[in-house]
Amino acid sequence: MAMDTVFTGAWSGVSCTRSTIESLLLVVGVLLGILLLLGGMAWMIVRRTQQTATPLRAMVLILGGTGAVSLAIGLYVVFLDGPVYRHIAFGNGVLVFEGCSGFRHVREEFALADLEGVHYRSRWTGGRSPRLVDEVVVETRDRGVFLIPLNRDPAITHHAALKRLLPARVVDDYVAALRGRGLAPPPPLAGP
């Protein structure tokens with residue numbers, strides 16, 4: 001029996017090395033943009049003042065501190081924030097999560113019989129621009145908790161496969177949550 005794909009992430013099909021390098025280039029690009037902006041502002045301040053030593057020292061401290069903090073955040077997100085799963089599939093009695101943790105490919109595979117619990121939840125993400133996300137929480141006997149992100153876009157979440165994998169109560173909870181927000185559930189989930 002072939003594996004049924006449940007979730008396909010945006011970086012699916014891209015090697016871990018390539019995605020990590022592209023992420024690091026993005027971090028460095030943003031960092032350089034911030035430093036250029038702050039450097040330009042500091043240069044204008046130094047140019048307009050008579051005493052150049054104090055503003056110049058302040059400029060170096062601000063740019064150095066901002067650069068160090070931004071680089072540390074970028075490195076943490078790319079290498080230390082845990083694996084990012086790009087492909088989730090099931091078949092032959094197993095559930096497989098594949099993704100990357102930095103440059104390293106990660107594959108978690110466990111038997112469907114080893115699942116302790118499966119349930120739906122929606123939650124608000126943290127940060128300055130929180131958004132509501134839907135996910136299935138998969139609790140395993142000895143490997144901890146895994147999340148299956150849910151999306152109404154059929155290119156990301158494969159709803160027919162999701163319906164075959166999940167218990168009916170979990171699918172019903174997801175459909176009820178979507179309808180409660182005034183959203184139409186994807187056709188494979190909406191029917192009987």
Side-chain angles (χ1 to χ4, degrees), residues 1-27 30 72-175 177-178 181 183 185-186 188-189:
M1 180 178 162
M3 299 290 278
D4 284 329
T5 297
V6 175
F7 171 80
T8 304
W11 290 84
S12 186
V14 177
S15 73
C16 293
T17 301
R18 180 178 169 196
S19 65
T20 301
I21 289 171
E22 288 177 3
S23 298
L24 287 173
L25 288 174
L26 180 64
V27 167
V30 169
I73 290 170
L75 292 175
Y76 172 79
V77 167
V78 172
F79 290 108
L80 302 174
D81 197 25
V84 175
Y85 295 111
R86 304 171 169 188
H87 184 254
I88 302 170
F90 74 98
N92 300 324
V94 296
L95 184 59
V96 178
F97 287 75
E98 288 187 283
C100 297
S101 182
F103 291 109
R104 189 174 55 93
H105 177 79
V106 177
R107 179 181 170 97
E108 295 284 346
E109 181 176 318
F110 45 87
L112 293 174
D114 289 339
L115 298 182
E116 290 278 306
V118 177
H119 63 274
Y120 162 80
R121 77 173 181 193
S122 63
R123 66 178 175 87
W124 288 94
T125 61
R128 294 180 61 177
S129 301
R131 62 187 177 92
L132 186 64
V133 294
D134 296 305
E135 44 197 21
V136 173
V137 179
V138 178
E139 300 170 17
T140 63
R141 194 167 293 145
D142 55 355
R143 293 237 185 104
V145 175
F146 292 84
L147 300 175
I148 300 175
L150 298 175
N151 193 306
R152 291 182 13 195
D153 183 351
I156 297 171
T157 300
H158 306 278
H159 301 100
L162 192 70
K163 189 171 185 175
R164 287 191 301 277
L165 171 66
L166 299 177
R169 65 174 168 72
V170 176
V171 173
D172 292 343
D173 289 347
Y174 176 46
V175 168
L178 290 175
R181 285 184 242 145
L183 301 172
L189 300 180

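- Taking NE2 of His105 as the reference point, atom CZ of Arg107 lies at 6.5 Å (rounded to 0.5 Å).
- Taking CZ from Arg143 and CG from Asp114, the interatomic distance works out to 8.5 Å, rounded to the nearest 0.5 Å.
- Scored by the side-chain contact (heavy atoms from CB on, under 4.5 Å) test, Ser15 finds Thr17, Arg18 as partners (sequence neighbours excluded).
- Listed by first then second residue, pairs satisfying side chain to side chain donor-acceptor pair (under 3.5 Å) with a partner in residues 144-155 number zero, not counting sequence neighbours.
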Worked check of side-chain contact (heavy atoms from CB on, under 4.5 Å) between Val106 and Glu98: CA-CA 6 Å; Val106 177; Glu98 288 187 283; over 6 Å; no
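- A 4.5 Å side-chain heavy-atom check between His119 and Val138 finds every atom pair outside the cut-off.
- Between Tyr174 and Tyr120, the ring planes lie tilted relative to each other; the angle falls in the 30° to 60° range.
- Between Pro83 and Ser101, the shortest heavy-atom distance links the atoms CA-CB, 4.1 Å.
- The one candidate from Leu150, Leu165, Val6 that meets the side chain to side chain contact (heavy atoms under 4.5 Å, CB included) condition with Val136 is Leu150.
- Side-chain contact between Phe110 and Leu95 is present, with at least one heavy-atom pair separated by less than 4.5 Å.
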side-chain contact (heavy atoms from CB on, under 4.5 Å) evaluation trace for Leu178 with Asp134: CA-CA 9 Å; Leu178 290 175; Asp134 296 305; 4.1 Å; yes
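- Across every non-hydrogen atom of Val14 and Ser19, the tightest pair is CG1-N, 4.0 Å.
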Steps toward side-chain contact (heavy atoms from CB on, under 4.5 Å) verdict (Leu115, Thr140): CA-CA 4 Å; Leu115 298 182; Thr140 63; 4.1 Å; yes
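- Residues Arg181 and Ser122 have side chains in contact (heavy-atom distance under 4.5 Å, counting atoms from C-beta outward).
- Residues Tyr85 and Ile148 fail the side-chain proximity criterion, which asks for heavy atoms closer than 4.5 Å.
- Between His158 and Thr8, the side chains place a donor N or O and an acceptor N or O closer than 3.5 Å (distance only, hydrogens not considered).
- The shortest side-chain heavy-atom distance between Arg164 and Asp4 falls under the 4.5 Å cut-off.
- Atoms SG and CZ, from Cys16 and Arg104 in turn, are 9.0 Å apart once rounded to the nearest 0.5 Å.
- With rounding to the nearest 0.5 angstrom, the CD1 atom of Ile88 is 10.0 Å from the CZ atom of Phe146.
- Rounding to the nearest 0.5 Å places CG of Asp172 at 9.5 Å from CG of Leu189.
- Legend: salt bridge (charged side-chain N to carboxylate O under 4.0 Å, His left out) pairs involving residues 116-132, not counting sequence neighbours, sorted by first then second residue: Glu116-Arg141, Arg121-Glu135, Arg123-Glu135.
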Test side-chain contact (heavy atoms from CB on, under 4.5 Å) applied to Leu147 and Val137, step by step: CA-CA 5 Å; Leu147 300 175; Val137 179; 3.7 Å; yes
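- Residues Phe7 and Phe97 are not in side-chain contact: their nearest non-hydrogen atoms beyond the backbone lie 4.5 Å or more apart.
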